[in-house]
S.K.: 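One structure, pasted below without further comment.
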Protein chains: 2
Amino acid sequence: MAQSGEPLGSREKVLAAAAAMYAEDPTASLSVRAVAARAGVSTGSLRFHFPTQAALRETLLAAIYDHAFPDDVITDVAVPPRERLLACLRALLAPVGTGAQARDAWRRLHDRVVAPEPPTAQVRAAVGEMGAEGSRRVGRWLRVLAEEGALPPGDDAARASFLLTVVGGLSFERAVPSAEDDLLARESTTLGLAVDAVLGPAARDVTAGGASDVRP
Amino acid sequence: MAQSGEPLGSREKVLAAAAAMYAEDPTASLSVRAVAARAGVSTGSLRFHFPTQAALRETLLAAIYDHAFPDDVITDVAVPPRERLLACLRALLAPVGTGAQARDAWRRLHDRVVAPEPPTAQVRAAVGEMGAEGSRRVGRWLRVLAEEGALPPGDDAARASFLLTVVGGLSFERAVPSAEDDLLARESTTLGLAVDAVLGPAARDVTAGGASDVRP
DNA sequence: ACCTGAACACCGTTCAAGT
DNA sequence: ACCTGAACACCGTTCAAGT
């Protein structure tokens, strides 16, 4: 990521503007003109770098999730627990990619997991392992937060299962063609609701707005 | 339906035109001008009867799906709101089936929606409409509960999107050949958490004696 | 190669004006 | 009350023209 050392190229300016607008309001429209104006760039230039609005949104989404968060973000007490859990869930979602990439990932999963009928014991075991690995990771995050007292008492296994289901639902929506338009806003609010369901409503007040740190 | 006959009012002409266009091509755009032209009516007249395009589409789809889905469970005030919303979400999930049946349903969806690359505009639009229909149904349930005062103020569109994502995630897990033993239990707790996230902690259980400040 | 900004073809909504 | 159609403020995309 380029720090503010030298002048940004138009492409970066556009991306930064879009990220800033998204950070300020995840439900903002991110129209060509709005983003171009914010970036101090012409619509034609925006179009040159992003042949379509969908391409811009896709790139932005990728950039946001591309922060390959190391697994120990969860222990960073400088960040509010809510933001930490959100970041971890985003990291879980990141490898899916967006658009065609997400569809490709989904296709592979489909061919391997749901297509074979009847499912072999091998597939069954592999899938079970995948699920267990996910549960382990999410379970660990929850345990860390619980030790801080940031998590109200409750069934953490159920919570982990719940969060994994939400991430699974979102990852499928990544692969669904039409959902790409307002995917950014919807993912943000949905993950927020899911995290609030786990952390309780008290955690929501710590941070305003649904957007986390989207650094230009 | 009827090519011509008794003089229809403008409202009916508009609705008939929209229905015809939708019947001919479910992916058609149904724009103000297109529908108005097809109905032989001015855009102003269309606007008079349908204050917004969303209203027109909503009326049309309500007319189409009304006799198909009577879903009136949500209005049964004898049942606690939480149970009603849960029942509705289960009804949404039901057609997916379980096991091999769920995999079959998922395979069809996959072949039609995520397999074609690049996705056609037709698929894109049809999928968008499907999602919108789901949002509408869930949105209606939330509206009913809101009118009863069982729903804290908030973004109901975001909540509907969230619930649909959860149901989507669960429906996929239905198709995943894993330990189907605790599927029912996991589904139950996950749906419960999702519903609690929407209805607020008040609806969950009366055991919460701690500081549960519901913001005004 | 990169960028500009006008132009095009849409969209939904508003509204003074008619009947 | 119902209807008209122009006008407005958007939208995404295209493109001749500049540097």
Side-chain angles (χ1 to χ4, degrees), chain A residues 2 6-19 21-22 24-61 98-100 177-186, chain B residues 6-19 21-22 25-62 118-129 131-132 135-136 139 157:
Chain A
E6 35 205 293
L8 295 165
S10 285
R11 204 191 117 97
E12 281 66 38
K13 282 199 283 187
V14 166
L15 222 41
M21 293 168 71
Y22 174 72
E24 284 165 16
D25 179 11
T27 73
S29 79
L30 297 186
S31 73
V32 218
R33 288 164 184 81
V35 174
R38 174 75 170 251
V41 148
S42 70
T43 67
S45 179
L46 192 153
R47 255 309 145 272
F48 177 78
H49 293 289
F50 304 96
T52 180
Q53 279 308 96
L56 170 60
R57 280 189 293 261
E58 192 168 325
T59 304
L60 174 61
L61 194 65
T98 57
S178 95
E180 286 157 357
D181 302 346
D182 56 341
L183 191 73
L184 280 164
R186 283 218 332 280
Chain B
E6 306 90 61
L8 294 166
S10 284
R11 205 191 118 97
E12 282 65 38
K13 281 200 283 188
V14 166
L15 223 39
M21 292 168 73
Y22 179 74
D25 180 11
T27 74
S29 79
L30 298 185
S31 74
V32 219
R33 289 164 182 79
V35 174
R38 174 73 170 254
V41 149
S42 70
T43 67
S45 178
L46 191 154
R47 255 309 146 272
F48 176 79
H49 293 289
F50 303 96
T52 180
Q53 280 306 96
L56 169 61
R57 279 191 290 263
E58 191 169 325
T59 304
L60 174 61
L61 268 121
T120 68
Q122 212 164 6
V123 162
R124 210 171 278 268
V127 163
E129 195 46 51
S135 294
R136 235 174 279 122

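The sequence lines fix the lettering, A, B, ..., with proteins before strands; numbering per chain opens at 1.
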S.K.: Go through the steps for B:Leu60 and B:Met21 under the test side chain to side chain contact (heavy atoms under 4.5 Å, CB included), then give the verdict.
M.R.: CA-CA 11 Å; B:Leu60 174 61; B:Met21 292 168 73; over 6 Å; no
S.K.: Can you give me the closest heavy-atom contact between B:Val32 and B:Thr43, atom names plus distance?
M.R.: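 That would be CG1-CB, 4.4 Å.
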S.K.: Checking base pairs now: Watson-Crick or wobble, both atom distances under 3.5 Å. What partners D:dT19?
M.R.: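 Result: C:dA1.
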S.K.: Measure the distance from CG on A:Leu8 to C1' on C:dC3 and round it to the nearest whole Å.
M.R.: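 Distance check: A:Leu8 CG to C:dC3 C1' gives 16 Å.
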S.K.: To the nearest Å, give me how far apart CZ (B:Phe50) and P (D:dC2) are.
M.R.: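 My rounded result for the distance is 13 Å.
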S.K.: Please state whether the phosphate of D:dG5, meaning OP1 or OP2, lies under 4.0 angstrom from any side-chain nitrogen or oxygen of B:Thr43.
M.R.: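 The answer is no; no side-chain N or O of B:Thr43 sits under 4.0 Å from OP1 or OP2.
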S.K.: Partner lookup for D:dA7, please. Criteria are Watson-Crick or G-U wobble with both distances under 3.5 angstrom; report none if nothing qualifies.
M.R.: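 Pair assignment: D:dA7 / C:dT13.
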S.K.: Find which nucleotide of DNA chain D each of A:Pro51 and B:Arg11 is nearest to by heavy atoms, and output the residue with the more 5' nucleotide.
M.R.: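 Its nucleotide being nearer the 5' end, the pick is B:Arg11.
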S.K.: B:Gln53 has an atom CD; how far is it from atom C1' of D:dC10, in whole Å?
M.R.: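 Nearest whole value for this atom pair: 15 Å.
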S.K.: Confirm from the modelled atom types if A:Arg47 and D:dG12 form a donor-acceptor pair under 3.5 Å, side chain to base only.
M.R.: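 It does not, because no donor-acceptor pair links the side chain of A:Arg47 to the base of D:dG12 below 3.5 Å.
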S.K.: Between C:dC3, C:dT13, D:dC3, which nucleotide gets closest to the side-chain atoms of A:Phe48?
M.R.: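 Comparing C:dC3, C:dT13, D:dC3 against the side chain of A:Phe48, the answer is C:dC3.
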S.K.: Does B:Ser42 place a side-chain N or O at less than 4.0 Å from the phosphate oxygens OP1/OP2 of D:dC3?
M.R.: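 No.
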S.K.: For B:Leu30 and for A:Gly44, find the nucleotide of DNA chain C with the closest heavy atom, then tell me which residue's nucleotide is more 5'.
M.R.: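 On the 5' side of the pair lies A:Gly44.
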S.K.: Go through C:dG12, C:dC8, C:dC3 for me and flag the one nearest to the A:Ser10 side chain.
M.R.: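 Of the candidates, C:dC3 comes closest.
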S.K.: Closest-nucleotide mapping onto DNA chain C: is A:Arg33 or A:Leu46 further toward the 5' terminus? I mean the 5' end.
M.R.: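 Between the two, 5'-proximity favours A:Leu46.
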S.K.: Without decimals, in angstroms, what is the distance between A:Leu56 CG and D:dT13 P?
M.R.: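 Going from A:Leu56 (CG) to D:dT13 (P), I get 10 Å.
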S.K.: Is there a side chain to side chain contact (heavy atoms under 4.5 Å, CB included) between A:Arg38 and A:Arg33 once you walk through the steps?
M.R.: CA-CA 8 Å; A:Arg38 174 75 170 251; A:Arg33 288 164 184 81; over 6 Å; no
S.K.: Checking the side chain of A:Thr52 only, and the main-chain atoms of A:Ala55 only, is there a donor and an acceptor separated by less than 3.5 Å?
M.R.: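 Checked: no pair found.
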S.K.: With a 4.0 Å limit, can you tell me whether B:His49 has a side-chain N or O closer than that to the phosphate oxygens OP1/OP2 of D:dC3?
M.R.: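 Result: yes.
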S.K.: Which heavy atom of A:Phe50 sits nearest to which heavy atom of A:Leu56, and what is that distance?
M.R.: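 Closest pair (atom of A:Phe50, atom of A:Leu56, distance): CD2-CA, 3.8 Å.
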